[in-house]
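Everything numeric here is computed off the predicted structure, so don't read it as measured data. Numbering of residues begins at 1 and proceeds along the displayed sequence.
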Amino acid sequence: LGIEVVSPNINTSYGVFTANEKGQILYGLAGIRNVGLAVIEDVVAEREKNGPFKDIFDFCKRVAAYQGSLKEKHPPLSKKLLECLVMAGALDDLPGSRAVLIAEVLEDAEEWSCMEMLNKEREVLGMFLSGHPLDEFRPELQGFTTTSLAPDELERKVGGTVFVGGVVTKMRSVETK
């Protein structure tokens, strides 16, 4: 369809998926695994009241203060929620890499490789958004493949031989007689 999906971002995204003025889809923060809509509504309300978050400490302090000012109790920010936001790339606008942000929330961590970052992103989003594991191999793939998996291209190849490239994400072994 050609519609761009923008990675989740605590300074621009809302709880649900929305479209921006450029016609892009903003990934909804509540669409991240282990992140509930109630706490994200608090994040968005605080952001709209006092502006973008400057760093992870500003984020935690302001959201906690906002939740403390409410008459009714809301689910608090938790380490698991923060970890999932970081892994999804929702805090990429804040200072520090994802590994540094995780270290600030949890414990010391080494810098993540590109592949490790993409795998963590896929773990909490269910897809890759900031890149793809095959991006570095795109020129080689274009040299070996004869088509993409776009439906219109595949329709033109019906009955013919095609060569495609991809990533094996799951494998299962089956014994036959």
**OP:** Apply side-chain hydrogen bond (donor to acceptor under 3.5 Å, both in side chains) to the pair N119 and E123, showing each step before the final yes or no.
**Re:** CA-CA 6 Å; N119 283 332; E123 181 183 325; over 6 Å; no
**OP:** State, to 0.1 Å, how close T146 and K157 come at their nearest heavy-atom pair, and which atoms those are.
**Re:** O-NZ, 3.4 Å
Original post:
Atom OG1 in T12, atom CG in N20: separation rounded to 0.5 Å?
Top reply: 8.5 Å
Subject >> Spatial distance of atom NZ (K80) from atom CE (M87) [nearest 0.5 Å] >> reply: 6.5 Å
**OP:** Mind listing the closest non-hydrogen atom pair of G36 and A30 along with its distance?
**Re:** C-CB, 4.4 Å
Original post:
Can you hop from L129 to L26 via hydrophobic side chains spaced under 4.5 Å?
Top reply: no
Subject >> Single-linkage hydrophobic cluster, 4.5 Å side-chain cutoff, I3 and M127 together >> reply: yes
Original post:
Which atom pair, heavy atoms only, marks the closest approach of K54 to P95?
Top reply: O-CD, 3.1 Å
**OP:** Evaluate the criterion salt bridge (Lys or Arg N to Asp or Glu O under 4.0 Å) for residue pair D58 and K61; output intermediate values, then yes/no.
**Re:** CA-CA 5 Å; D58 178 52; K61 179 181 173 186; over 6 Å; no
Original post:
After noting the C-alpha distance and the side-chain angles of S7 and D92, does the key distance pass the side-chain contact (heavy atoms from CB on, under 4.5 Å) rule?
Top reply: CA-CA 9 Å; S7 296; D92 283 357; 6.0 Å; no
Original post:
F57 and V63: same hydrophobic cluster, using ILVMFWY side-chain contacts below 4.5 Å?
Top reply: yes
Original post:
What's the shortest heavy-atom distance between A88 and I32, and which atoms?
Top reply: CB-CD1, 3.7 Å
Original post:
Can a cation-pi geometry be assigned to R47 and Y66, taking NZ or CZ under 6.0 Å from the six-membered ring centre and within 45° of the ring axis?
Top reply: no
**OP:** To the nearest 0.5 Å, tell me how far E136 CD sits from C114 SG.
**Re:** 7.0 Å
Subject >> side-chain contact (heavy atoms from CB on, under 4.5 Å) evaluation trace for I10 with D93 >> reply: CA-CA 8 Å; I10 60 160; D93 269 3; over 6 Å; no
Subject >> CA sep, side-chain torsions, deciding dist, call: L154, T147, side-chain contact (heavy atoms from CB on, under 4.5 Å) >> reply: CA-CA 7 Å; L154 287 175; T147 186; 4.1 Å; yes
**OP:** State, to 0.1 Å, how close L94 and F53 come at their nearest heavy-atom pair, and which atoms those are.
**Re:** CD2-O, 3.2 Å
Subject >> In one Ile/Leu/Val/Met/Phe/Trp/Tyr side-chain cluster, 4.5 Å: L85, F17 >> reply: yes
Subject >> Separation of L29 CG from L37 CG (nearest 0.5 Å) >> reply: 10.0 Å
Subject >> Co-membership, hydrophobic cluster, residues V44 and L81, 4.5 Å side-chain >> reply: yes
Subject >> Atom pair CG/CD1 of L101 and I56 - distance to nearest 0.5 Å >> reply: 5.0 Å
Subject >> Flag side-chain contact, heavy atom, 4.5 Å: P76 against V39 >> reply: no
Original post:
Which atom names give the shortest non-hydrogen contact between P75 and Q67, and what distance separates them?
Top reply: O-NE2, 2.8 Å
Original post:
Could you walk me through whether H132 and V167 pass the side-chain contact (heavy atoms from CB on, under 4.5 Å) check?
Top reply: CA-CA 10 Å; H132 193 277; V167 177; 3.9 Å; yes
**OP:** Rounded to the nearest 0.5 Å, what's the gap from CZ on R62 to SG on C60? Could you check?
**Re:** 11.5 Å
Subject >> Main-chain N/O of L125 paired to Y27 side chain as donor or acceptor, under 3.5 Å >> reply: yes
Original post:
Salt-bridged, E121 to R98, with N to O below 4.0 Å?
Top reply: yes
